[in-house]
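Letters A, B, ... are given to chains in the order of the sequence lines, protein chains preceding strands, and every chain is numbered from 1.
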There are 2 protein chains.
Amino acid sequence: MAARGRPREFDVDEALERAVDVFWRQGYEGTTLEDLTNAMSISRPSLYAAFGNKEGTFRQAIGRYARVEMSYIDAALAMPTARAVAEHYLRSNVVSITLPDRPRGCLSIQGGLAGHPADQRIVDFLNESRGAGEARFVRRFQQAIDEGDLSAAEDPAELARYLATVTAGLAVQASAGATRAELARVAERALAAFPQ
Amino acid sequence: MAARGRPREFDVDEALERAVDVFWRQGYEGTTLEDLTNAMSISRPSLYAAFGNKEGTFRQAIGRYARVEMSYIDAALAMPTARAVAEHYLRSNVVSITLPDRPRGCLSIQGGLAGHPADQRIVDFLNESRGAGEARFVRRFQQAIDEGDLSAAEDPAELARYLATVTAGLAVQASAGATRAELARVAERALAAFPQ
DNA sequence: ATCATTATTTACCATACATTCAAGAGTGAC
DNA sequence: GTCACTCTTGAATGTATGGTAAATAATGAT
């Protein structure tokens, strides 16, 4: 609690926000320490003291991204029906990956789908992060079945995987330049294959 | 035509096949010259003489990948109806991205969705390549409308974008470890939202 | 005031990277 | 057999990379 020693001159969370931006635009392997320290306006030793190393900075950036940029997932999961969950998820995903003043697409996908064997832990970490997100939808759809809101003939895991597949595809399209309006139409079509 | 000078000791196309494999697994930025020359069993100067440089090797690898690994697209486009085109495309895509003895996913996606500014040309190149593939489907669906096979109320560009979105998402899922059976079910669900 | 503690600054380090040079070796033309 | 030509081998080049050491500066505790 007591703040001993010289106080930090920068705000850790604000610096992390800059890191998110760089990793989002350039991916893990495409980002150098110099890119990071320039964007964060801190020195290399400050970065190492605050975040450990490049990998630590990335992991914390992913954490902030999930907390801030993907908070719409919490709202989606709180919807009263499985159908409403899916609608809210896809529609807010489209908005999130096409925000005017931010990088296009999704950090957890452009962060690194593949990489050098030395960076395999990063790829694994991103895969696990996305898997954890998908698992939340599995549980939510199981709950919907338990509540009688969703037919017991449906497979919660398949529905969650379907939505995760669509959002991943939407992120790829967004990063390649597809517009919000175009992706919104794709999302509505994808919803046509979702129960009810 | 005349083969003057010392003959090349390796087969260019076979070497390119090895390069495809490495780029597929590791992406453009995650692949070093050493990774390439090891996999291709040639020396650095041999690679430069045959392919120009790392970027040239990648572009030619993408060319080979499109020609060999994505030939099922030609077959899909040759199907007699728009519906059959979509079915063939998604189903063979699932097979292609989950082949047992090959990297999982799709080279044109894991090759590099994002990257260092110095590698932006690679990212652009991949985006354009995927866009060119998508454009073939736009033309095919327009043809289907012209032939009366597909309702004129449908937008060929939207249908093509929908399929491209799904295949991109499937590739992400495959690279993260989803099984062929799981992805086949996702593909069938996605087809439920395609006309007819 | 002194000290322990933590940040910052500046410079450095070892390695890895893409690319190329220089010398030698295998081929066809004459 | 010599020459022009092209490939291979092995080494080197310059730079960029992630990470760190040492010295200095700012705070709280005593």
Side-chain angles (χ1 to χ4, degrees), chain A residues 1-16 18-19 22-23 25-61 111-112 114-123 125, chain B residues 1-16 18-19 22-23 25-61 111-112 114-123 125:
Chain A
M1 289 300 150
R4 284 185 325 210
R6 177 172 177 173
R8 197 172 260 131
E9 292 182 5
F10 63 95
D11 182 75
V12 171
D13 193 60
E14 195 174 322
L16 208 49
R18 311 288 190 87
V22 180
F23 282 129
R25 275 179 223 282
Q26 304 181 193
Y28 180 77
E29 290 183 326
T31 299
T32 69
L33 261 304
E34 196 183 0
D35 294 333
L36 284 174
T37 54
N38 284 347
M40 299 162 93
S41 302
I42 62 177
S43 70
R44 228 171 268 236
S46 293
L47 184 145
Y48 276 79
F51 305 106
N53 57 11
K54 183 184 175 185
E55 179 173 349
T57 310
F58 184 74
R59 288 177 184 269
Q60 290 174 66
H116 195 270
D119 297 323
Q120 190 57 43
R121 301 171 55 196
I122 297 291
V123 175
F125 171 67
Chain B
M1 290 297 151
R4 284 185 324 210
R6 178 173 175 172
R8 199 172 258 132
E9 291 183 7
F10 64 94
D11 181 76
V12 171
D13 193 62
E14 196 174 320
L16 209 48
R18 311 287 189 87
V22 180
F23 283 128
R25 275 179 222 284
Q26 304 181 196
Y28 180 77
E29 290 183 326
T31 299
T32 69
L33 259 303
E34 196 183 359
D35 293 334
L36 284 174
T37 54
N38 283 347
M40 299 163 92
S41 301
I42 63 177
S43 70
R44 246 169 251 242
S46 293
L47 184 146
Y48 276 80
F51 304 107
N53 56 11
K54 184 184 174 184
E55 178 174 349
T57 309
F58 183 74
R59 288 178 185 268
Q60 290 174 65
H116 195 270
D119 296 324
Q120 190 57 43
R121 300 171 57 198
I122 296 292
V123 175
F125 171 66

Legend entry - Options C/dC17, D/dT17, C/dA18, nucleotide nearest the side-chain atoms of B/E34: C/dC17
Legend entry - Atom-pair distance (OH on B/Y48; P on D/dG10), nearest Å: 19 Å
Inset, instruction - Determine, for nucleotides 5-14 of chain C in 5'-to-3' order, which nucleotides have protein heavy atoms under 4.0 Å from the base (write B), from only the sugar-phosphate (write S), or from neither (write -). - result: BBBSBB----
Inset, instruction - Rounded to the nearest 0.5 Å, what's the gap from CD on A/Q60 to CZ on A/F23? Could you check? - result: 10.5 Å
Legend entry - Distance in angstrom units between B/L33 CG and D/dT15 C1', rounded: 15 Å
Inset, instruction - Measure the distance from OH on B/Y28 to P on C/dC17 and round it to the nearest whole Å. - result: 13 Å
Inset, instruction - Specify the separation, in whole Å, of atom NZ of B/K54 and atom P of C/dT20. - result: 15 Å
Inset, instruction - Round to the nearest Å and state the distance from B/L47 atom CG to D/dC7 atom P. - result: 13 Å
Legend entry - Donor-acceptor contact below 3.5 Å, side chain B/D119 vs main chain B/I122: no
Inset, instruction - Kindly confirm or rule out a cation-pi arrangement of B/K54 over B/Y28, judged by NZ or CZ under 6.0 Å from the six-membered ring centre and within 45° of its axis? - result: yes
Inset, instruction - Write down the distance between CD (A/E55) and P (D/dT17), rounded to a whole number of angstrom. - result: 19 Å
Inset, instruction - Give the intermediate values and the outcome of side chain to side chain contact (heavy atoms under 4.5 Å, CB included) for residues A/M40 and A/T57. - result: CA-CA 11 Å; A/M40 299 162 93; A/T57 310; 4.2 Å; yes
Inset, instruction - Determine whether A/Y48 and A/L33 make a side-chain contact, defined as any pair of heavy atoms from C-beta on separated by less than 4.5 Å. - result: yes
Legend entry - A/D119 CG - C/dA16 P separation (whole Å): 13 Å
Inset, instruction - Give the stems involving DNA chain C, where a stem is 3 or more consecutive Watson-Crick or G-U wobble pairs (i with j, i+1 with j-1, and so on) under 3.5 Å. - result: C:1-30 with D:1-30
Inset, instruction - Count the heavy atoms of every other residue, nucleotide or ligand shown that sit under 6.0 Å from CD of A/E34, and state whether that count exceeds 12. - result: no
Inset, instruction - Give one of base, sugar-phosphate or nothing for A/T37, where a contact means two heavy atoms less than 4.0 Å apart. - result: nothing
Inset, instruction - Kindly compute the distance separating CZ (B/R44) from CG (B/L36), expressed to the nearest 0.5 Å. - result: 9.5 Å
Inset, instruction - Evaluate the side-chain proximity of B/R18 to B/F10: yes if any heavy-atom separation is below 4.5 Å, no if none is. - result: no
Legend entry - Whole angstrom value for the distance that separates P of D/dA16 from CG of A/D35: 12 Å
Inset, instruction - For B/D35, enumerate each residue passing the side chain to side chain contact (heavy atoms under 4.5 Å, CB included) test, keeping only those at least two apart in sequence or located in another chain. - result: A/H116, B/V22, B/Q26, B/T31, B/T32
Inset, instruction - Describe the nucleic acid contact of B/T57 in one word from base, sugar-phosphate, nothing, applying a heavy-atom distance below 4.0 Å. - result: nothing
